[in-house]
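Data block below; observations after.
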Amino acid sequence: MEAYFSNKSNLLKCTIISTASNDVLYTVQTSYGAFKRLKTTLLVDTNPAPGQSPNAGAIHWSDKVIEVHGVRKSVEDCRRREGSILSKKQFWKWPPSEDDEERREYRLLFEKSAWKAFVSEMYTSATFAVPGPPLLFSKPKPGTVNIDKVSLEQDEVFLILVFIYLEVKRQEKGSVTTPA
């Protein structure tokens with residue numbers, strides 16, 4: 001799957017559009033609490049399967065919980081860190097339930113304005129190119145997400161939510177300015 005985010009400056013309020021067919025796949029909606037603190041970010045499927053909820057997933061910011069298809073897991077259950085202070089590695093995996101098959105574990109890394117999800121050291125399973133800041137004489141490029149076929153079947157919603165979570169946390173750290 002290859003798609004782009006419609007809002008070039010705000011990932012928390014946008015639509016995700018397929019580059020192949022120009023169809024809207026998801027909408028991202030965010031609610032805020034007091035003092036503009038993030039409360040909940042919803043990933044809404046614009047074309048859900050019959051009988052399924054359109055809410056594909058959510059990030060509950062204050063609880064530090066990620067929800068995929070109604071199943072809630074804490075961020076700490078999904079994330080594993082390894083390494084020293086200078087070279088920390090992040091690994092993300094949706095914890096399987098009793099009737100679920102084993103899921104892939106992704107090593108997430110930010111380099112060259114993109115988040116990359118590696119299944120092994122050599123194979124990039126998914127990428128999320130971060131929208132750049134507006135330049136003087138050109139329009140900013142939208143954020144794009146690419147997910148391979150196997151990850152698309154198993155972890156599409158989870159990976160999109162993790163990319164949004166990590167990018168918002170990166171912006172909060174002050175390495176870039178937060179969109180208004």
Side-chain angles (χ1 to χ4, degrees), residues 1-7 11-12 14-30 41-49 52-61 64-83 88-131 141-171:
M1 172 188 92
E2 186 173 336
Y4 65 93
F5 288 74
S6 64
N7 192 332
L11 299 174
L12 299 174
C14 64
T15 55
I16 301 174
I17 303 168
S18 169
T19 54
S21 62
N22 257 1
D23 292 335
V24 175
L25 303 173
Y26 297 102
T27 59
V28 180
Q29 304 165 351
T30 301
T41 298
L42 288 176
L43 185 66
V44 180
D45 192 344
T46 57
N47 192 16
Q52 283 197 331
S53 169
N55 291 339
I59 302 170
H60 303 279
W61 295 96
K64 296 185 179 177
V65 169
I66 294 177
E67 179 180 335
V68 176
H69 300 297
V71 179
R72 297 170 66 125
K73 303 286 183 175
S74 75
V75 169
E76 291 309 312
D77 288 345
C78 299
R79 178 178 56 193
R80 175 175 69 86
R81 293 182 179 164
E82 171 179 296
K88 272 197 173 166
K89 296 179 182 178
Q90 289 190 67
F91 296 91
W92 288 78
K93 177 181 180 179
W94 184 251
S97 57
E98 300 85 40
D99 58 337
D100 220 359
E101 78 267 2
E102 188 64 24
R103 299 289 184 99
R104 292 171 130 183
E105 183 175 62
Y106 303 94
R107 177 176 177 237
L108 274 100
L109 175 69
F110 185 79
E111 63 180 16
K112 297 181 184 175
S113 299
W115 285 101
K116 296 180 181 177
F118 295 92
V119 176
S120 67
E121 290 296 321
M122 301 301 289
Y123 180 66
T124 306
S125 179
T127 58
F128 171 56
V130 176
K141 293 181 180 178
T144 58
V145 64
N146 295 306
I147 302 175
D148 75 354
K149 188 176 180 178
V150 175
S151 298
L152 186 64
E153 292 171 5
Q154 285 188 341
D155 296 320
E156 173 184 11
V157 172
F158 175 65
L159 281 172
I160 291 171
L161 290 171
V162 167
F163 284 144
I164 292 171
Y165 179 86
L166 289 172
E167 181 56 20
V168 168
K169 290 297 184 182
R170 185 182 77 86
Q171 289 180 6

Test log, rule side chain to side chain contact (heavy atoms under 4.5 Å, CB included), inputs Val145 and Met1: CA-CA 8 Å; Val145 64; Met1 172 188 92; 3.9 Å; yes
List the steps, then state whether side chain to side chain contact (heavy atoms under 4.5 Å, CB included) holds for Thr41 with Leu11. CA-CA 10 Å; Thr41 298; Leu11 299 174; over 6 Å; no
After noting the C-alpha distance and the side-chain angles of Lys64 and Glu76, does the key distance pass the side chain to side chain contact (heavy atoms under 4.5 Å, CB included) rule? CA-CA 8 Å; Lys64 296 185 179 177; Glu76 291 309 312; 6.0 Å; no
Determine, stepwise, if the pair Tyr106 / Val119 fulfils side chain to side chain contact (heavy atoms under 4.5 Å, CB included). CA-CA 5 Å; Tyr106 303 94; Val119 176; 4.0 Å; yes
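A heavy-atom distance below 4.5 Å is found between the side chains of His60 and Glu67. Side-chain contact between Gln90 and Leu166 is present, with at least one heavy-atom pair separated by less than 4.5 Å. Side chains of Ser6 and Pro142 form no contact here, defined as non-hydrogen atoms less than 4.5 Å apart. With contacts defined as side-chain heavy-atom distances shorter than 4.5 Å, the pair Lys73/Ile66 does not qualify. Proximity of Phe91 to Lys93: side-chain heavy atoms (C-beta onward) are nowhere separated by under 4.5 Å.
The two residues Ala114 and Ala129 make their nearest non-hydrogen contact at CB-CA, 4.0 Å. Taking every heavy atom of both residues into account, Phe110 and Ser113 meet most closely at CZ-CA, 3.7 Å. The shortest non-hydrogen separation linking Ala58 to Leu161 is N-CD1, 3.7 Å.
The distance from atom CG of Leu43 to atom CD of Gln29, rounded to the nearest 0.5 Å, is 9.5 Å. Going from atom OG1 of Thr124 over to atom CD1 of Ile147 covers 13.0 Å, rounded to the nearest 0.5 Å. The OH atom of Tyr4 sits 4.0 Å away from the CD1 atom of Ile17 when rounded to the nearest 0.5 Å. Interatomic distance, CD of Glu2 versus CG of Leu152, reported as 12.5 Å (0.5 Å rounding). The structure places CD1 of Ile16 at 11.5 Å from CG of Asn7, a figure rounded to the nearest 0.5 Å. If you take OG1 on Thr127 and CZ on Phe118, they are separated by 9.5 Å, rounding to the nearest 0.5 Å.
Contact check on Lys116 versus Glu111 returns a salt bridge, with a Lys/Arg side-chain nitrogen under 4.0 Å from an Asp/Glu carboxylate oxygen.
Residues passing the ring-ring contact (aromatic ring centres under 6.0 Å, His included) test with Phe128, sequence neighbours excluded: Phe5, Phe163. A search for side chain to side chain donor-acceptor pair (under 3.5 Å) contacts involving Thr19 returns nothing, not counting sequence neighbours. Residues satisfying the ring-ring contact (aromatic ring centres under 6.0 Å, His included) test with Tyr165, not counting sequence neighbours, are Trp61, Trp92.
Of the possible polar contacts, none joining the Arg103 side chain to the Asp155 backbone as a donor-acceptor pair under 3.5 Å is found. In this structure a side-chain-to-backbone donor-acceptor pair under 3.5 Å is present from Asp45 to Asn47. Between the side chain of Thr46 and the main chain of Leu25, a donor-acceptor pair closer than 3.5 Å is present. Under a 3.5 Å cut-off, the side chain of Thr15 and the backbone N or O of Val24 do not form any donor-acceptor pair.
Using modelled atom types, one finds a donor on one side chain and an acceptor on the other under 3.5 Å when comparing Asp148 with Ser125.
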